[in-house]
Amino acid sequence: MVNTQNKLLLIDGSSVAFRAFFALYNQIDRFRAPSGLHTNAIYGFHLMLQNVMQRISPTHVLVAFDAGKTTFRTEMFSDYKGGRAKTPEEFREQMPFIKDMIDKLGLAHYDLDNYEADDIIGTLDKMAESEEWTVTIVTGDKDMIQLADSNTTVEISKKGVVEFEAFTPDYLMAKMGLTPDQFIDLKAMMGDNSDNYPGITKVGEKTALKLLAEYGHLDGLYANVDEMKQSKLKENIIADKDKAYLARALATINTQAPIQINLSDLAYHGPKKEELLKFYGEMEFNVFKKQLIEGKVGASPKRDEVKYTDFSISDPEISTKEIEVNFEEVNENPEIQPDDFFYIEILNENYHRENIAVFAWGNVKKQYVSKNIELLKHFKFPQNTYDFKKNRVLLSRLGIKLPLVGFDSMLAKYLVSTTEDNKISTIAQLYAKKHLVSDDEIYGKGVKRALPFDEELFPHLARKIKILTETKESIISALKENSQYQLLTEMELPLAEVLAKMEIAGIKVKAQTLHEIGNENELKLSNLTREIYDLAGTDFNINSPKQLGEILFDKLELAHGKKTKTGYSTAVDVLEGLASEHTIVAKILEYRQINKVQSTYVQGLIPQIAEDGKIHTRYVQDLTQTGRLSSVDPNLQNIPIRLEEGRKIRKAFVSSEGSVLLSSDYSQVELRVLAHISKDPNLIEAFKNDEDVHTATAMRVFDIANAEDVTANDRRSAKAVNFGISYGETEYGLARRLGIPNKEAGQIIRTYFARYPEIANYIETTKREAKNTGYVSTMFNRRRKLPDINARHFSVRQAAERQAINAPIQGSAGDILKVAMINLDRALESEGLESKILLQVHDEIILDVPLKELEVVKKLVRLTMEKAVKLVVPLKVEENTGLTWFEAK
DNA sequence: GTAATCACG
DNA sequence: ACGTACGTGATTACT
């Protein structure tokens with residue numbers, strides 16, 4: 001027998017099962033067998049097995065499990081693994097089925113009283129080693145790294161159930177500068193929180209690594225500890241010697257466990273097909289079942305040609321099979337079919353600054369790649385893209401206009417589901433059940449990011465083209481099934497064109513103005529800093545919440561409010577409550593305010609001004625859960641306005657020569673949407689009569705007959721209620737915000753619902769809908785899925801309920817502005833106007849308008865926004881103009 | 001990389 | 001008994 005061919009796979013079943021359970025925990029309600037059994041861990045375990053079996057192709061396999069609660073380690077340290085949360089019942093019930101499944105897959109499993117899975121694996125690893133077998137260990141537990149050696153690779157699960165980090169001695173040395181046995185000493189010094197044993201006080205990973213670099217091992221440390229210079233660290237090391245050695249004993253894997261199995265018992269001979277089919281049926285693993293039936297599973301693999309085709313073909317979720325491509329590099333005369341996909345690659349995200357690296361087009365059968373930019377000048381662009389806006393901007397920078405397409409995979413996928421991101425690799429996984437190598441793997445991360453050789457680069461692009469083509473029909477079916485096809489073609493795609501124009505236009509920003517504000521701020525900050533140090537009696541970093549907390553609550557002994565995970569909270573609402581206690585507090589609040597303006601808006605924006613004197617933001621069109629846009633690099637949707645100090649920043653945003661900025665915003669758009677969706681007669685009436693909605697609410701809720709009798713405080717309370725309602729606010733929340741007793745807040749909310757009965761009804765109906773279907777929709781069929789809506793955890797479920805209430809309101813309002821933008825852009829075009837849309841801030845549009853067009857455009861914008869959709873209440877628009885954004889508000 | 005904080009609608 | 005309003009992005013500290 002030629003033993004060098006033997007490959008042993010050892011799996012830490014307990015840790016992998018636990019991993020699998022939590023990896024799919026957010027979808028736990030979707031993984032249920034007809035019997036009611038949860039199956040997420042079973043399913044995840046299966047995925048993991050398929051992946052590893054296919055990658056490793058072992059000849060022998062064992063899945064080891066922890067036995068019971070107590071082990072020999074408990075005898076050494078009674079609190080071993082104490083304080084751990086109880087394993088959830090939903091997990092525990094799945095364990096026997098996982099073992100059953102392993103049997104049916106033809107794999108061995110084993111557990112041993114008094115020992116952990118680690119020890120079984122360690123023992124078998126050593127046995128296999130003496131026979132010179134190759135060993136792979138798969139686990140979620142980093143402790144196992146100590147077993148890595150020239151024959152043994154330890155794979156630690158990284159993310160999900162199929163992403164692992166493979167530790168060999170070389171890799172461990174490169175990554176942490178440690179040998180496998182030093183890794184044990186690392187644990188000895190650090191201790192292990194999850195297993196509930198301490199190491200040396202105040203020694204974490206950083207310190208432990210330093211000590212190991214200096215002293216080699218734990219023994220080396222203690223042999224030389226006397227020579228260390230006097231320090232807290234030294235005292236701790238000496239005092240905690242026993243703890244460190246106990247920790248080492250606990251962390252050391254026992255490679256002499258009295259196991260009753262032999263290596264030969266672990267030989268793999270393929271699955272038990274009939275039993276497995278029955279099992280898949282019971283679990284409702286239909287895809288596994290289908291693959292097994294259609295697959296080539298027949299006879300067990302022969303000893304000398306171990307291929308495990310059964311595993312490689314039956315992977316339903318993530319196939320590790322290569323995506324086969326058929327591509328060529330093109331430098332002239334491109335062949336393009338109208339229904340091909342077109343894709344451009346850039347190395348980093350910002351397409352305003354980044355240049356085209358390479359582009360590709362084609363279909364499932366044939367893919368083409370090119371680096372020849374000239375080719376694009378007379379390119380017959382096909383009908384399908386991924387991220388149209390990015391493509392449009394990049395080509396526009398070359399003076400090329402990319403015609404609008406019929407389909408865009410990124411936008412389409414976003415509409416179908418916002419739960420995941422919309423990367424091509426995600427699309428590959430969801431719609432083709434294939435694994436696409438990630439961009440980070442091909443291009444590297446951080447400073448190492450670079451284009452690889454064409455041999456690696458071109459196939460990567462070809463794979464993307466292939467995946468995009470392959471998945472298009474499935475995504476379209478999903479869209480149509482959701483009645484969302486129009487949302488793609490009539491809203492998101494045309495909007496992408498408008499956004500591209502806006503981004504390209506950019507807004508002029510005066511660096512000079514920012515510098516002036518910055519200088520004033522610096523002066524104020526240095527004065528404040530000095531005053532704060534004086535009042536504190538010591539210098540410290542005011543920007544560090546930790547240090548600030550220690551000054552306020554330990555040194556000055558102010559009463560601390562809520563706490564964060566890491567210490568005292570020093571957030572505004574806490575500090576505001578303390579302002580009367582000590583003069584330092586007001587100074588700190590002022591410092592914070594100015595520092596925020598200085599760092600984020602002065603120092604942050606100046607470098608963002610491009611050579612043309614403008615800032616070109618990017619609108620992210622496929623991110624938010626509600627359908628709103630977001631703005632990045634820089635974010636122009638959160639430029640200060642509420643506080644005067646920050647509002648000044650808007651003076652730096654100016655119109656172009658001979659123009660003004662026009663800012664038009666919807667008044668109370670979300671409450672109007674709520675009136676429309678809920679059809680509440682009182683809310684509708686308030687808007688129809690153009691009443692001040694907060695005053696109207698105050699009158700109804702506080703039973704006030706005349707508007708004149710509504711006090712400022714009444715209106716403030718009513719405003720809080722009006723806003724709170726659309727967020728699903730609780731009695732407690734309102735009480736805190738208004739600083740009134742819970743009972744009083746509860747009474748206000750009850751009266752509100754009595755006066756606005758249809759709103760109470762909307763909330764109930766929407767929650768019901770979400771619970772029944774798993775999602776909620778906007779007026780335009782945009783969806784938000786709510787996987788947590790039936791969660792067992794009260795707080796998780798409640799959060800999902802609030803999201804269910806809010807998403808249709810926020811989302812519909814967002815949709816309305818999108819429609820208005822598209823219509824406005826078309827109107828400006830058809831009227832031949834030079835005015836340009838520059839920015840969008842959720843309920844407002846900012847334009848650059850030549851003075852001669854101002855009167856016309858003001859009216860046009862107002863009309864377009866008011867008529868964007870027809871609601872049962874009017875939409876109201878207010879506008880302001882000025883030479884700077886500061887004035888136009 | 002994560003947490004805390006704070007800017008906006 | 002829980003834990004407390006929805007949706008974002010940027011900066012800083014700290015590990």
Side-chain angles (χ1 to χ4, degrees), chain A residues 204-207 209 418 445-446 540-549 562-575 588-589 591-605 608 617-620 623-643 645-647 649-650 665-666 668-670 674 720-737 742 745 749 776 784 791-811 813-814 817 839-844 889:
Chain A
E205 184 172 302
K206 297 280 157 184
T207 316
L209 284 173
T418 58
K445 279 214 282 203
F540 66 102
N541 185 347
I542 309 170
N543 292 323
S544 162
K546 182 163 167 273
Q547 294 181 33
L548 180 59
K562 59 185 174 186
K563 285 193 143 193
T564 64
K565 275 176 218 167
T566 48
Y568 306 113
S569 168
T570 65
V572 241
D573 51 332
V574 176
L575 294 193
I588 288 166
L589 286 168
Y591 174 93
R592 279 248 178 101
Q593 209 188 100
I594 296 171
N595 192 247
K596 175 77 180 176
V597 174
Q598 185 66 358
S599 59
T600 305
Y601 299 103
V602 175
Q603 290 165 0
L605 286 180
Q608 294 279 3
T617 184
R618 277 181 296 133
Y619 289 100
V620 183
L623 183 133
T624 69
Q625 296 296 311
T626 54
R628 273 189 179 180
L629 299 173
S630 88
S631 158
V632 292
D633 221 6
N635 181 357
L636 294 186
Q637 291 181 321
N638 72 345
I639 301 301
I641 188 164
R642 291 173 197 166
L643 299 172
E645 206 58 59
R647 194 171 186 161
I649 292 292
R650 295 184 173 227
D665 67 287
Y666 279 122
Q668 308 292 359
V669 64
E670 290 197 3
L674 177 60
V721 177
N722 277 334
F723 277 105
I725 291 303
S726 57
Y727 301 138
E729 186 173 54
T730 57
E731 172 177 315
Y732 178 91
L734 183 67
R736 288 232 16 209
R737 232 167 304 289
N742 286 358
I749 292 175
V776 290
R784 177 174 188 171
R792 274 161 202 66
H793 284 292
F794 173 78
S795 57
V796 174
R797 187 172 66 245
Q798 277 229 319
E801 288 176 356
R802 293 194 297 268
Q803 291 158 355
I805 296 163
N806 177 257
I809 304 171
Q810 188 184 114
L817 192 63
L839 303 175
Q840 189 258 35
V841 192
H842 307 308
D843 63 358
E844 112 183 83
K889 190 67 196 190

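Lettering of chains follows the sequences in order, A, B, ..., and the numbering in each one begins at 1.
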In whole angstroms, how far is the [atom2] atom of [N] from the [atom1] atom of [X]?
{"X": "A/Y727", "N": "C/dT8", "atom1": "OH", "atom2": "P", "result": "12 Å"}
{"X": "A/I641", "N": "B/dA7", "atom1": "CD1", "atom2": "P", "result": "13 Å"}
{"X": "A/L817", "N": "B/dG9", "atom1": "CG", "atom2": "P", "result": "13 Å"}
{"X": "A/I639", "N": "C/dA10", "atom1": "CD1", "atom2": "C1'", "result": "11 Å"}
{"X": "A/Q593", "N": "B/dC6", "atom1": "CD", "atom2": "C1'", "result": "11 Å"}
{"X": "A/Y591", "N": "B/dT5", "atom1": "OH", "atom2": "P", "result": "15 Å"}
{"X": "A/L734", "N": "C/dC6", "atom1": "CG", "atom2": "P", "result": "14 Å"}
{"X": "A/N806", "N": "C/dT8", "atom1": "CG", "atom2": "P", "result": "10 Å"}

With a 4.5 Å cut-off on side-chain heavy atoms, are [Y] and [X] touching?
{"X": "A/T418", "Y": "A/T624", "value": "no"}
{"X": "A/E844", "Y": "A/K889", "value": "yes"}
{"X": "A/T570", "Y": "A/I588", "value": "no"}
{"X": "A/N543", "Y": "A/Y591", "value": "yes"}
{"X": "A/H842", "Y": "A/L817", "value": "no"}
{"X": "A/N742", "Y": "A/Y732", "value": "yes"}

Check the interface with nucleotides 12-15 of chain C: list each N/O to N/O pair with the protein under 3.5 Å, or write none.
from	atom 1	to	atom 2	distance (Å)
C/dA13	OP1	A/N541	ND2	3.1
C/dA13	O3'	A/S544	OG	3.4
C/dC14	OP1	A/S544	OG	2.7

Expressed as a whole number of Å, how far does the [atom1] atom of [N] sit from that of [M]?
{"N": "C/dA1", "M": "B/dC6", "atom1": "C1'", "value": "32 Å"}
{"N": "C/dC2", "M": "B/dA7", "atom1": "P", "value": "32 Å"}
{"N": "B/dC8", "M": "C/dA5", "atom1": "C1'", "value": "16 Å"}

Tell which nucleotide pairs with B/dA3, taking only Watson-Crick or G-U wobble pairs whose two distances are both under 3.5 angstrom. C/dT12
For C/dA1, give the paired nucleotide (Watson-Crick: N1-N3 plus N6-O4 or O6-N4; G-U: N1-O2 and O6-N3; both under 3.5 Å), or none. none
Examine distances only and state if a side-chain atom of A/Q810 and a backbone atom of A/E670 form a donor-acceptor pair shorter than 3.5 Å. no
Could you check whether any side-chain N or O of A/R802 sits under 3.5 Å from a backbone N or O of A/Y727, counting only pairs where one atom can act as donor and the other as acceptor? no
Please determine whether any donor N or O and acceptor N or O are separated by less than 3.5 Å between the side chain of [X] and the base of [N].
{"X": "A/R737", "N": "C/dA5", "value": "yes"}
{"X": "A/R802", "N": "C/dG7", "value": "no"}
{"X": "A/Q803", "N": "C/dC6", "value": "no"}

Of all of residues 628-637 of chain A, which get a heavy atom below 4.0 angstrom from DNA chain B, listed by number? A/R628, A/Q637
State the [atom1]-[atom2] distance between [X] and [Y], to the nearest 0.5 angstrom.
{"X": "A/R784", "Y": "A/N806", "atom1": "CZ", "atom2": "CG", "value": "8.0 Å"}
{"X": "A/L623", "Y": "A/T626", "atom1": "CG", "atom2": "OG1", "value": "9.5 Å"}
{"X": "A/I641", "Y": "A/R650", "atom1": "CD1", "atom2": "CZ", "value": "4.0 Å"}

Take atom CZ in A/R736; do more than 12 heavy atoms of anything else shown fall under 6.0 Å from it? no
Hey, does [X] reach any base, or is it just sugar-phosphate, or nothing, if we go heavy atoms under 4.0 Å?
{"X": "A/L623", "result": "sugar-phosphate"}
{"X": "A/T730", "result": "base"}
{"X": "A/I805", "result": "nothing"}
{"X": "A/E670", "result": "nothing"}
{"X": "A/V572", "result": "sugar-phosphate"}
{"X": "A/G724", "result": "base"}

Between [X] and [N], is there a contact of a side-chain N or O with OP1 or OP2 at under 4.0 Å?
{"X": "A/R784", "N": "C/dC6", "answer": "no"}
{"X": "A/R592", "N": "B/dC6", "answer": "yes"}
{"X": "A/R797", "N": "C/dC2", "answer": "no"}

Residue A/S795, side-chain heavy atoms: nucleotide from B/dA7, C/dG3, C/dG7 that is nearest: C/dG3
Closest listed nucleotide, where the reference is the side chain of A/Q810 and the choices are C/dG7, B/dA7, B/dT5: C/dG7
Verify the stacking flag for A/F794 against C/dC2: centroid separation must be under 5.5 angstrom and the ring planes must differ by under 30 degrees. no
